[in-house]
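Below is one structure, written out as structure tokens; comments come after it.
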Amino acid sequence: MDTFFNNENPLQIRLKTKEFYQQSTLELAQNLLGCLLIKETSEGVASGYIVETEAYMGPEDKAAHSFQNRRTKRTEVMFGEAGIAYTYKMHTHCLVNVVSGEKEKPQAILIRAVEPFTGIPLMKTRRQTTELRNLTNGPGKLTKALGITMDDYGSSFLSPPLMIAEGYIPESISVGKRIGIENSGEAKDYPLRFWVKGNAFVSRHQREI
DNA sequence: ACAATGATCCGCT
DNA sequence: GCGGATCATTGTG
């Protein structure tokens, strides 16, 4: 058991260990649901339960940045060990992925939404809104709320400042198509998006597959 | 050196 | 639903 401190309360957590990240990308994308995503900064600690993920399968997946094993400065961390953060910039937003798969297999899981847990006042300040539902219900929103930036590129989720810990086991998981990849041919229909069924913080409502 | 392209968000209709 | 903001990354010449 590790203890981290929030502005108000000590937070008792059980960090996920290295072995957790060594399952297949499809399993990991689902098993990340319900886990706690935590970020410590000089401003304080903020955390939320992961409620929506998308798997990006690498060389064979036209929607993945690592499609056809494209290996550049940006995609480099995906070729490394599982359990590392792959952050990248999209327009004005930073998005965060969990690198998965074996070494040299550039797969990753995009965290698309979390449910706010601790540090909610800090999240409201960062996001400039008081509406709880609007704090972290999208991949660009949650990074801003939690204070995740390009500084976290290549950082391990096994230790501060960026961490993933045990949370809860979702009752039911929904599966659907990924979002925002209309121009990636057949890959756009792959059933690689997972979310906690019925959770209010999921980014968009969509039919299950 | 340059132009195209988004794994998004927000505000408006 | 739609379009604009806005910029790093990437491929091409």
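In what follows, chains carry the letters A, B, and so on, assigned in the order in which the sequence lines appear, proteins first and then strands, with residues in each chain numbered from 1. The analysis underlying the following values was restricted to heavy atoms, covering all of them including side chains, and did not include hydrogens, waters or symmetry mates.
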Seminar exercise, completed: DNA chain C nearest-nucleotide lookup for A/M150 and A/H93: closer to the 5′ end is A/H93
Side chain of [X]: nearest nucleotide among [options]?
X      : options              : value
A/I181 : B/dT8, B/dA7, B/dC10 : B/dA7
A/P139 : B/dG6, B/dC9, C/dT10 : B/dC9
A/T92  : B/dA7, B/dG6, C/dT6  : C/dT6
A/H91  : B/dT8, B/dC10, B/dA7 : B/dT8

May I ask you to verify if any side-chain N or O of [X] is less than 4.0 angstrom from the OP1 or OP2 atom of [N]?
X      : N      : answer
A/N97  : B/dA7  : no
A/R112 : B/dT8  : yes
A/T72  : C/dT10 : yes
A/R127 : B/dC10 : yes
A/R74  : C/dA8  : no

Strictly below 4.0 Å, N to O, side chains only: are [X] and [Y] in salt-bridge contact?
X      : Y      : answer
A/R71  : A/E76  : yes
A/E182 : A/K188 : no
A/E186 : A/K62  : no

Exercise. Which residue, A/I109 or A/K141, contacts DNA chain B at a nucleotide closer to its 5' end, judged by nearest heavy atom?
Worked result: A/I109
Check whether the side chains of [X] and [Y] place a donor and an acceptor atom closer than 3.5 Å, and report yes or no.
X      : Y     : answer
A/T75  : A/R70 : no
A/E19  : A/T17 : yes
A/S203 : A/E52 : yes

Problem set entry | Side-chain donor or acceptor of A/T41 paired with backbone N/O of A/G44 under 3.5 Å | yes
Problem set entry | Flag, side chain of A/T136 to backbone of A/V114, donor-acceptor distance under 3.5 Å |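 Judged by distance alone, yes, a pair lies under 3.5 Å.
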Seminar exercise, completed: Base-pair string, DNA chain B, Watson-Crick plus G-U, cut-off 3.5 Å on both distances, | for inter-strand, is ||||||.|||||.
Spacing between [X] atom [atom1] and [N] atom [atom2], to the nearest angstrom:
X      : N      : atom1 : atom2 : result
A/R126 : B/dC9  : CZ    : C1'   : 19 Å
A/R204 : B/dC10 : CZ    : C1'   : 13 Å
A/M90  : B/dC10 : CE    : C1'   : 14 Å
A/M78  : C/dT9  : CE    : P     : 13 Å
A/Y86  : C/dT9  : OH    : P     : 10 Å
A/K89  : B/dG6  : NZ    : C1'   : 15 Å
A/E76  : C/dT9  : CD    : C1'   : 15 Å
A/R71  : C/dG11 : CZ    : P     : 14 Å

For this session: Sorted by first residue and then second, give each ring-ring contact (aromatic ring centres under 6.0 Å, His included) pair with at least one member in residues 16-60 of chain A; sequence neighbours left out.
Result: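 Qualifying pairs: A/Y49-A/F117, A/Y49-A/Y168.
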Problem set entry | A/R178 to A/Y190, cation-pi by 6.0 Å centre distance and 45° axis angle | no
Problem set entry | Contact list for DNA chain B against residues 48-70 of chain A - heavy-atom distance below 4.0 Å |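 Contacting residues: A/Y56, A/A63, A/H65.
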